[in-house]
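Convention: sequence-line order gives letters A, B, ...; per-chain numbering from 1.
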Amino acid sequence: MVNNAEEILPKYWYNIIPDLPKPLPPPRDPLGAEFSRIDLLRTILPKEVLRQQLTIERYIKIPDEVRERYLAIGRPTPLLRAKRLEEYLGTPAKIYFKFEGATPTGSHKINTALPQAYFAMEEGVEHVVTETGAGQWGTATALAATMYGMKSTIFMVKISYEQKPMRKSIMQLYGGEVYPSPTDLTEFGKKIRNERPDHPGSLGIAMSEAIEYALNNHLKYLVGSVLDVVILHQSVIGQETMAQLDELGEEPDVLIGCVGGGSNFGGFAFPFIGNGRGKKYVAVASAEIPKFSTGEYKYDFPDSAGLLPLVKMITMGNNYVPPPIYAGGLRYHGAAPSLSLLMKEGIVGWREYNENQIFEAAQIFMRTQGIVPAPESSHAIRAVIEEALEAKKTGRKETIVFNLSGHGLLDLPNYDSMMRRIVKNEQR
Amino acid sequence: MSRDKLLVVYMTLGYPDNGRYLEFMRESVKNGADILEIGIPPKYAKYDGPVIRKSYEKVSGKFDLWSFLPETRKVIGNTKAIALTYLEDWVSELDSFLTKLKVAGLDGVLFPDLLIDFVDDYQMYSSKVREKSLNNVIFTAPSVPDRMIMEVSKQSDLFLYYGVRPTTGIPLPITVSSLVTRVRNLVDNKLVVGFGLSDENDLRKALKAGADGAAVGTAFIQAIEKGGVKDAVDLVIKLRSILDEF
Ligand SMILES: Cc1ncc(COP(=O)(O)O)c(C=O)c1O
């Protein structure tokens, strides 16, 4: 593995925009906008990040400096076969997983934090701001910022801040400044707190706060998901997986990933979709935030305050307050525009699972493979198990590949409370 | 002077007022505009930038569309003129709208929302335009997939419009050369590039990369704001001379 790491790690990021079946509806300013949200992007994003957000080049060179960092944090991540899981399920299907939990911050988020921080640093930025749901993105931002000698401020969704004290600790150890959102550091945060003092927060609200804070303090904002540029950077996952499957002489049939904003799924699956490899693509969301089954495909704001430009996506509405669930990273009202388009066109399919279903899947995975998956990633695992059992029924010898977007070692308190809830329910 | 390259001049109908609008149209034709694009204020200028949006607000309700358009025709002689307006506003009465455009002396129409909001039926709408003997200029952008650009390029009359930025008049950072080079390879038609292309550097890059012309709008509105019609006409002259370098 290590010997040919340099070969497996791609030299270019892959952009699916030119390969989409239809034009991607462009971002737009709202009706009667008092200022241009598109113009605002110029103020808050590092210039190169914005340029990449707008590019339609199919391949974009990864700067050597960023490639070196990718190697330093352990990319390429391993592609492993879940042989014990296959045996447990008694399925004829082969199951592989890309283990993004093997990176130091424990999830795929570092893949885009590094380049975004690098582009900011190159521009002379000294301080970056972002939001985080589960804490994974905040952790990645804090590490990337510190690696490039910058400060970071992170607005963490309040419910996660309370439920995941260890996430907060890591961010602080890396040098990040962490606040539970809604805060009273921004006008938007104050407004939410006035309306509802016990508000659990949401990713959309934290995002709005981070953007407002960046604007008021002339800082740059790093984007964790949803935007095309993030999926672009995450394409290292899928491209590595392709090269690793090639080495094994495997051809994937089914590709599965979970969806919060869509970046790990897109980063993993888009290179396959664009290259016409794979037969079936499945995006998995949380049944408690049922955006795929009940969301609408329409222009909506990515953030709750409506500071960002409108984008066309599958969405529950930017005012939607997701219930405080066990998988903070999936508590988002929408899905990335490119992913939404592919779903609308029927190219990417979907599933939604609830807490009980993913807990069961996580437990099977832990007991067969020994890895504690992030609760977000457990959604993908549930879909893999169902697919593998389906293959057992029909006798199909398919190859299922999924993205294990993160490990769940810092989610143990979450699993703990799930365990208690579920046992209690069973006793009733 | 070769004059191979097309200068497409945009102005919001009746901006900043009817008199100065007509004067600008007359003078820009005299000074090298090849095709005029006339902005008809929409209900929601979804894909326009703040400058053009403001110009729409300023003129809204200040003229009667169907009697004012023919006056434009009078001052521009035979120069080709197309209406730029959102299909969304006219889709429920499309037949009569197109007929009236023709009667008012326009040569064609460009709907910026055609490939975005009406993509599934764009061919049907395109053929309706042609049935009325109007030119059908199609707006494309970097977010349109290659295969589709090739397909619509053939159906676009006069030229294929390619907006390099997602909105007008905001200098978002993009790499003009590679954007244009790529689309050049997909398009047999004349390729006119627009959206934030008043910057001389960007314009030269686009032409070097193979664009057949440039469409400019926001910059004229800003010039009129700053120094009146004269400044805007000076800009026409300057752009013409840059185009003629190629
Ligand atoms: C481990 C993990 N997986 C998945 C996600 C979902 O996000 P996205 O769909 O943007 O990849 C998150 C978000 O925080 C996460 O932490």
Notebook entry, point to check: Do NZ/NE/NH1/NH2 and the carboxylate oxygens of A:R58 and A:D19 come within less than 4.0 Å?
Noted result: yes
Check: Measuring heavy-atom distances to chain A, does B:R53 have an atom under 4.5 Å in its side chain, in its backbone, in both, or in neither?
Finding: side chain
Note to self: Only pairs of heavy atoms separated by less than 4.5 Å count here; which of A:Q53, A:R28, A:Q52 has the most with chain B?
What the structure shows: A:R28
Item checked: Largest heavy-atom contact set with chain B, pairs under 4.5 Å, which of A:D39, A:L31, A:T55 -> A:L31
Next item on the list: For chain B, find which of A:L50, A:I17, A:D228, A:L41 contributes the most heavy-atom pairs closer than 4.5 angstrom.
Entry: A:L50
Checklist line | Residue selection (most heavy-atom pairs with chain B, distance under 4.5 Å) from A:P27, A:G32, A:P30 | finding: A:P30
Check: Can a salt bridge be assigned to the pair A:K11 and A:D64 using a cut-off of 4.0 Å between side-chain N and carboxylate O?
Finding: no
Checklist line | Contact origin within A:Y299 toward chain B - heavy atom pairs under 4.5 Å | finding: side chain
Notebook entry, point to check: What's the spacing between A:I62 CD1 and A:R69 CZ if we round to 0.5 Å?
Noted result: 14.5 Å
Check: Are A:D300 and A:K312 close enough for a salt bridge, meaning some N to O gap below 4.0 Å?
Finding: no
Next item on the list: Name the option with the most non-hydrogen atom pairs under 4.5 Å to chain A; the candidates are B:T175, B:L115, B:L179, B:V119.
Entry: B:T175
Check: Is A:R51 salt-bridged to A:E48, going by a charged N under 4.0 Å from an acidic O?
Finding: yes
Next item on the list: Would you check if there is a donor-acceptor pair between the side chains of B:D117 and B:Y47 at a distance under 3.5 Å?
Entry: yes
